[in-house]
> 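Attaching a single structure in structure tokens format; questions to follow.
This is a predicted model, so every value here is computed, not measured.
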Amino acid sequence: MKVRTRFSPSPTGMIHLGNARAALFSALYAKKHNGTFILRIEDTDALRSELKYIDSLQDDLHWLNVDWQEGPGVHGDFGPYWQSQRQDIYASYYKILEDKKLIYPCFCTDQELMLARKLQLSRGEAPRYQGTCRLLLEAEIEKRLQEGKKPAWRFSIPLHQTIEFNDIVKGLQQFRSDDMGDFIVRRADGTSPFLFCNAIDDAMMQVTHVLRGEDHLTNTPRQIMILNTLELPIPQYGHLSLIVGDDGAPLSKRHGSFSVNDIREQGYLAIAIINYLTRLGHICDTQDLLPFNELANHFHLDKLSRSPARFDVVQLLYWQKLAVQSLDVQGVWRWLGEHIQNQVPEASQTLFAEIIKMNIEFPRDAALWAKIFFHENVTLSEVESTIIREAGEQFFVEAELAVDKYGLDLTAILAEMKQTLGLQGKKLFMPLRVALTGRMHGPELAHVAALLGAKKMKHRFSQAFKLASNPQEPGIE
């Protein structure tokens, strides 16, 4: 059987990392088996669904290179791929359930349901619908309908049954039907809630594997009951461990901003995100930075972890650094953006891109180096000013003389200063670096010299000389 997976977001907000990981895993598994990855928009909640979120989730997936083979904008044999356009399909299955007398009208108000829930919680019971309307007589139902009351429709759960399935991630799962309340399959306004339409769509679209967050685990036995009753195929379910923060709590806004859009705007590269997510709750058999198509070859369902996946920003930054370093010059230049491009002289653009990618994580880091290389002076902190003062005046006199003599030949400059000053190692390199860049770390000094040029190097050595000769002088401005 051909593998068919899907991602079915509700367009009620921006895609966060948990959503993105579920979509990525589903797409990787389909790609690995030459299958089909489906994007389906679950927009039945008319009050909360917004077009801007539909557009943004598609943009985010495309940016991550998680492309769908069926769904919005792509031809498929099982559309439409918007749930709001599939109401006739759901209605036909409501009719089957109604004819079998497996659903019934529920007139309970939101307030009545809330009070019942609070009472159950106060008794230490798991809240569930108690079947208040399940035994209503036909005459009572008709009376309430005549009064203009619009019911929701609930699925009548059979008693004393065990629903079990083998979860791809968590293994054998068993649920008692007596622990579940009859659940709504049709709202009072005639629309379909998640439990019903999601299950119907998976069956109608011949989805073979469903990978989703473990917060959906308790929905699965209910959906299996619906599909069994309607004699529809049941996919294999896998419930992914939740992503948690350092405190062990589910990742949320209080841990930082983790929508894909926000991460993208911060300057993260898509390949860094998918490489990190592939290893978040999944044991990957390679540590290489790989594009989507190659990552698929290293994705294995049996390597999915049952334990919570702890979000680690240090690991994310590790993949970001690798991703930046893997860019070619054109890629670096596009990523840096117009603001930084405008600060770099055309003649220096290629060299700047080649050098800077080894020393930055985000475009904002490159902005700092553009200022260092292409503005006249540098700014020193107190620590860096101290390094200049401790080097002394003669150090920078010799530095200027060496540049006059050898130009940009840094090897010759260093050899000359080593001989004349009797210095080596950190005592030789650090004052030079600080004088030229204002920083204790950064690109190789030979690259720094190439970007600055002899004239600017001499100017900065002259500024350093002034600071060293006057202990009261503020840091170089």
> Looking at Gln111, I'd like to know if its CD atom is crowded, meaning that more than 12 non-hydrogen atoms belonging to other residues, nucleotides or ligands lie closer than 6.0 Å.
no
> What class does the angle between the rings of Phe352 and Phe373 fall in, given that below 30° is parallel, 30 to 60° is tilted and above 60° is perpendicular?
perpendicular
> What are the two closest non-hydrogen atoms of Val3 and Ala30, and how far apart are they?
CG1-CA, 4.1 Å
> When you measure from the side chain of Arg212 to the backbone N and O of Leu240, does any donor-acceptor pair fall under 3.5 Å?
no
> With the side chain counted from C-beta on, respond yes when Met225 and Pro158 share a heavy-atom pair under 4.5 Å apart, and no when they do not.
yes
> Let's go through Thr5 and Leu211 carefully: what are the C-alpha distance in whole Å and the side-chain angles of both, what is the deciding distance for side-chain contact (heavy atoms from CB on, under 4.5 Å) to 0.1 Å, and is it a yes or a no?
CA-CA 8 Å; Thr5 65; Leu211 298 176; 5.9 Å; no
> Where do Asp285 and His300 land on the side-chain hydrogen bond (donor to acceptor under 3.5 Å, both in side chains) test, with the steps shown first?
CA-CA 9 Å; Asp285 57 10; His300 309 280; 3.3 Å; yes
> Taking all atoms of both residues into account, what is the closest heavy-atom pair of Ser56 and Met14, and its distance?
OG-SD, 3.7 Å
> Hey, does Leu39 have a side-chain heavy atom less than 4.5 Å from the side chain of Pro9?
yes
> Quick one: are Gln325 and Leu289 in side-chain contact, heavy atoms under 4.5 Å?
no
> Does atom CD of Glu444 have more than 12 heavy-atom neighbours, drawn from other residues, nucleotides or ligands, at distances under 6.0 Å?
no
> Does Asp202 reach the main-chain N or O of Val207 with its side chain, forming a donor-acceptor pair under 3.5 Å?
no
> After noting the C-alpha distance and the side-chain angles of Asn19 and His16, does the key distance pass the side-chain hydrogen bond (donor to acceptor under 3.5 Å, both in side chains) rule?
CA-CA 5 Å; Asn19 302 135; His16 55 73; 3.1 Å; yes
> With rounding to the nearest 0.5 angstrom, report the CD to CG distance, Gln266 to Asn261.
10.0 Å
> Under 6.0 Å between ring centres, would you say that holds for Phe37 and Phe7?
no
> Given the ring of Phe155, does Arg222 sit roughly above its face, with NZ or CZ under 6.0 Å from the centre of the six-membered ring and within 45° of the axis?
no
> Is it the case that the side chain of Arg187 and the backbone of Ser192 share a donor-acceptor pair, with hydrogens and angles ignored and the cut-off at 3.5 Å?
yes
> Test side-chain contact (heavy atoms from CB on, under 4.5 Å) on Tyr104 and Leu136; report intermediate values, then the result.
CA-CA 9 Å; Tyr104 61 88; Leu136 287 179; over 6 Å; no
> Considering residues, nucleotides and ligands other than Asp110, do more than 12 of their heavy atoms fall under 6.0 Å from its CG?
no
> Any side-chain to backbone donor/acceptor pair from Asp178 onto Leu159? Under 3.5 Å, distance only.
no
> Is it the case that atom NZ in Lys303 sees more than 12 heavy atoms from other parts of the structure closer than 6.0 Å?
no
> Of Tyr94, Tyr93, Trp153, Phe183, which meets ring-ring contact (aromatic ring centres under 6.0 Å, His included) against Phe196?
Tyr94
> Verify, without hydrogens or angle tests, whether Asn275 (side chain) and Ile271 (backbone) share a donor-acceptor contact under 3.5 angstrom.
yes
> State, yes or no, whether a side-chain contact exists between Trp369 and Thr437 at a heavy-atom distance under 4.5 Å.
yes
> Please determine whether the number of non-hydrogen atoms from other residues, nucleotides or ligands lying under 6.0 Å from atom NZ of Lys371 exceeds 12.
no
> Taking Asp43 for its side chain and Gln83 for its backbone only, find out whether a donor-acceptor pair lies under 3.5 Å.
yes
> Are more than 12 heavy atoms from other residues, nucleotides or ligands located less than 6.0 Å from atom CD1 of Ile283?
no
> Flag the pair Pro235 / Leu227 as yes when at least one side-chain heavy-atom distance between them is below 4.5 Å, and no otherwise.
yes
> Shortest non-hydrogen contact from Met204 to Phe78?
O-CD2, 3.2 Å
> Would you find a donor on one side and an acceptor on the other, under 3.5 Å apart, between the side chain of Ser241 and the backbone of Ser307?
yes
> For Tyr53 and Ser10, indicate whether the former's side chain and the latter's backbone hold a donor-acceptor pair under 3.5 Å.
no
> In this structure, are over 12 heavy atoms from other groups packed under 6.0 Å from Lys321 atom NZ?
no
> Between Trp335 (side chain only) and Gly267 (backbone N and O only), is there a donor and an acceptor less than 3.5 Å apart?
yes
> Side-chain contact, heavy-atom cut-off 4.5 Å: Met180 with Ile163?
yes
> Check this for me: Glu125, atom CD, are more than 12 non-hydrogen atoms of other residues, nucleotides or ligands nearer than 6.0 Å?
yes
> Using the rule side chain to side chain contact (heavy atoms under 4.5 Å, CB included), only one of Arg6, Gln206, Gln69 pairs with Thr36; which is it?
Gln69
> Using 0.5 Å steps for rounding, measure from the CD1 atom of Ile355 to the CG atom of Leu451.
4.0 Å
> Is any side-chain heavy atom of Leu301 closer than 4.5 Å to a side-chain heavy atom of Tyr29?
yes
> Using the test ring-ring contact (aromatic ring centres under 6.0 Å, His included), find all partners of Phe362 that sit at least two apart in sequence or belong to another chain.
Tyr268
> When rounded to the nearest 0.5 angstrom, what is the spacing between CZ in Phe429 and CG in Leu445?
7.0 Å
> Looking at every non-hydrogen atom in both residues, tell me the closest pair between Val329 and Ala353 and how far apart they are.
CG1-CB, 4.0 Å
> side-chain hydrogen bond (donor to acceptor under 3.5 Å, both in side chains) between Gln343 and His339: does it pass, once the steps are laid out?
CA-CA 7 Å; Gln343 298 182 51; His339 173 68; 3.2 Å; yes
> Do you know which two heavy atoms are closest between Pro72 and Gln58, and how far apart they sit?
CB-OE1, 3.5 Å
> Nearest 0.5 Å, please: how far is CD1 in Ile263 from CD1 in Ile15?
11.5 Å
> Taking all non-hydrogen atoms of both residues into account, name the closest pair between Ser326 and Ala323 and its distance.
OG-O, 2.7 Å
> What distance do Arg21 atom CZ and Tyr276 atom OH have between them, rounded to the nearest 0.5 Å?
9.5 Å
> Does Arg4 use its side chain to pair, donor to acceptor, with the backbone of Gly35 at less than 3.5 Å?
no
> What's the spacing between Ile360 CD1 and Ile340 CD1 if we round to 0.5 Å?
7.0 Å
> Answer whether the closest heavy-atom distance between the side chains of Met358 and His447 falls below 4.5 Å.
no
> The test is side-chain hydrogen bond (donor to acceptor under 3.5 Å, both in side chains); show your working for Asp201 and Tyr81 and say whether it passes.
CA-CA 9 Å; Asp201 287 343; Tyr81 296 94; over 6 Å; no
